[in-house]
Amino acid sequence: ETENKRPQELIAQRDDLQNAVEELERAIKKLDKEARAQFLSTFELVQKNFIEMFTTLFEGGEAHLSLEENVDPLEAAIHINVRPAGKKMRGVQLLSGGERALTAISLLFSLYLVKPSAYCILDELDAPLDEANIGRFVKVLKKFAEKTQFIVITHRSQTMSAADLLYGVTQQEKGVSTIVSVKIEDAALQAA
């Protein structure tokens, strides 16, 4: 009788494990389906924002994001094709350094528009930009600064001039760093 009970217990345990595996597989399929739908929905929003940001920062042109065809969207490569005003449509790798940086900034802000945050840190994002492009970058930054606090690390005076508050690190004495802060509004009043 004891010997007969043991196989029955093992069969019951095996059936429980099989049911658990099937339940997990159903849950995984459901999560994959939801993740795919959410990814595609977010991708469409980013695509729309990317077009808007690109044309704002480049003052015209065209931009397009696309997913690799015939591949699961969650595993597909994302293709970025852009055409600055007056140029041919091409991939990012064929752009100049400044154009690539401005395209990356467009994509970054496109993602930001989908999921804004309370603060954002940008480390020398403007370094490869020329003066005209920095002007457009600063304009967009000021617009976003209405809802987000930006900490921008830069060496560019045009970007610094758009800030409300500047922090600088100086070495008045070799090997000793000193942090200096200037509130732009106060500096302007003192200068006047």
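Only this structure's heavy atoms are used, side chains among them; waters, hydrogens and symmetry mates stay out. What you are looking at is a predicted structure, and each value in this text was computed from that prediction instead of being measured.
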Heavy-atom side-chain proximity of Phe137 to Leu122 below 4.5 angstrom = yes
Answer yes or no: is there a side-chain heavy-atom contact under 4.5 Å between Val92 and Asn81?
-> no
Without hydrogens or angle criteria, can the side chains of Asn133 and Asp130 be said to hold a donor-acceptor pair below 3.5 Å?
-> yes
Determine the minimum heavy-atom distance between Ala162 and Lys142, stating which atoms define it.
-> CB-CE, 3.6 Å
Between the main-chain N or O of Ala76 and the side-chain N or O of Glu68, is there a donor-acceptor pair closer than 3.5 Å?
-> no
When hydrophobic residues are tied together by side-chain contacts of less than 4.5 Å, even through go-betweens, does Leu166 share a cluster with Val138?
-> no
Of the non-hydrogen atoms in Gly97 and Pro128, which two are nearest, and what is the gap between them?
-> O-CB, 4.4 Å
Among the clusters formed by ILVMFWY side chains lying less than 4.5 Å apart, do Leu74 and Val114 turn up in the same one?
-> yes
Does Met160 reach the side chain of Thr154, with side-chain heavy atoms less than 4.5 Å apart?
-> yes
Any Asp15 side-chain heavy atom under 4.5 Å of Gln18 side chain = yes
Say whether Glu99 and Ser96, considering side chains only, have a donor N or O and an acceptor N or O under 3.5 Å apart.
-> yes
Say you draw a straight line from CD of Gln38 to OG1 of Thr42; how long is it, rounded to the nearest 0.5 Å?
-> 5.5 Å
Hydrophobic cluster identity match, Ile105 and Ile151, side-chain contacts under 4.5 Å = no
Would you indicate whether Leu31, at its atom CG, is surrounded by more than 12 heavy atoms from other residues, nucleotides or ligands within a distance under 6.0 Å?
-> yes
If every non-hydrogen atom of Arg100 is compared with every non-hydrogen atom of Gln93, which pair is closest and at what distance?
-> NH1-O, 3.5 Å
Quick one: does Val176's side chain get under 4.5 Å of Gln172's, heavy atoms only?
-> no
What do you reckon, is CG of Asp164 surrounded by more than 12 foreign heavy atoms closer than 6.0 Å?
-> no
Starting at CZ of Arg136, measure out to CG of Leu141 and round the result to the nearest 0.5 Å.
-> 14.5 Å
So, for Phe150 and Ala145, which heavy atoms are closest and what is the spacing to 0.1 Å?
-> CE1-N, 3.8 Å
Rounded to the nearest 0.5 Å, how far apart are CG of Asp72 and CZ of Arg36?
-> 4.0 Å
Return yes when atom CD of Gln149 has more than 12 non-hydrogen atoms of other residues, nucleotides or ligands closer than 6.0 Å, and no otherwise.
-> no
Could you walk me through whether Val82 and His64 pass the side chain to side chain contact (heavy atoms under 4.5 Å, CB included) check?
-> CA-CA 6 Å; Val82 296; His64 184 70; over 6 Å; no
If you round to the nearest 0.5 Å, how far is CD of Glu52 from CG of Leu57?
-> 10.5 Å
Considering all heavy atoms of both residues, which atom of Pro84 and which atom of Phe54 are nearest to each other, and what is their separation?
-> N-CZ, 4.0 Å
Side-chain contact test, heavy atoms from C-beta onward, threshold under 4.5 Å: evaluate it for Leu108 versus Leu125 and give yes or no.
-> yes
Check whether any side-chain N or O of Gln47 sits under 3.5 Å from a backbone N or O of Leu65 as a donor-acceptor pair, and report yes or no.
-> yes
May I ask you to check whether Phe144 and Phe109 place their ring centers less than 6.0 Å from one another?
-> yes
Is the CD atom of Glu23 crowded by more than 12 outside heavy atoms at less than 6.0 Å?
-> no
Any side-chain heavy-atom pair of Glu22 and Asn19 under 4.5 Å = yes
Could you walk me through whether Ile179 and Thr170 pass side chain to side chain contact (heavy atoms under 4.5 Å, CB included), step by step?
-> CA-CA 6 Å; Ile179 296 177; Thr170 65; over 6 Å; no
Greater than 12 external heavy atoms within 6.0 Å of Glu69's CD = no
Once you round to the nearest 0.5 Å, how far does CD of Glu9 lie from CZ of Arg6?
-> 6.0 Å
When clusters are formed by joining ILVMFWY residues with side-chain heavy atoms under 4.5 Å apart, either directly or through shared neighbours, do Val140 and Leu113 land in the same one?
-> yes
Flag, side chain of Thr148 to backbone of Ser117, donor-acceptor distance under 3.5 Å | yes
Rounded to the nearest 0.5 Å, what separation is found between the NZ atom of Lys87 and the CG atom of Leu95?
-> 7.5 Å
Checking Arg156 side chain against Leu129 main chain: does a donor-acceptor pair fall under 3.5 Å?
-> yes
Can you check side chain to side chain contact (heavy atoms under 4.5 Å, CB included) on Phe39 and Leu67, steps first, answer last?
-> CA-CA 11 Å; Phe39 174 80; Leu67 293 172; 3.9 Å; yes
With hydrophobic residues grouped by side-chain heavy-atom distances under 4.5 Å, do Ile78 and Tyr112 end up in a single group?
-> yes
Flag side-chain contact, heavy atom, 4.5 Å: Ile80 against Thr103 = yes
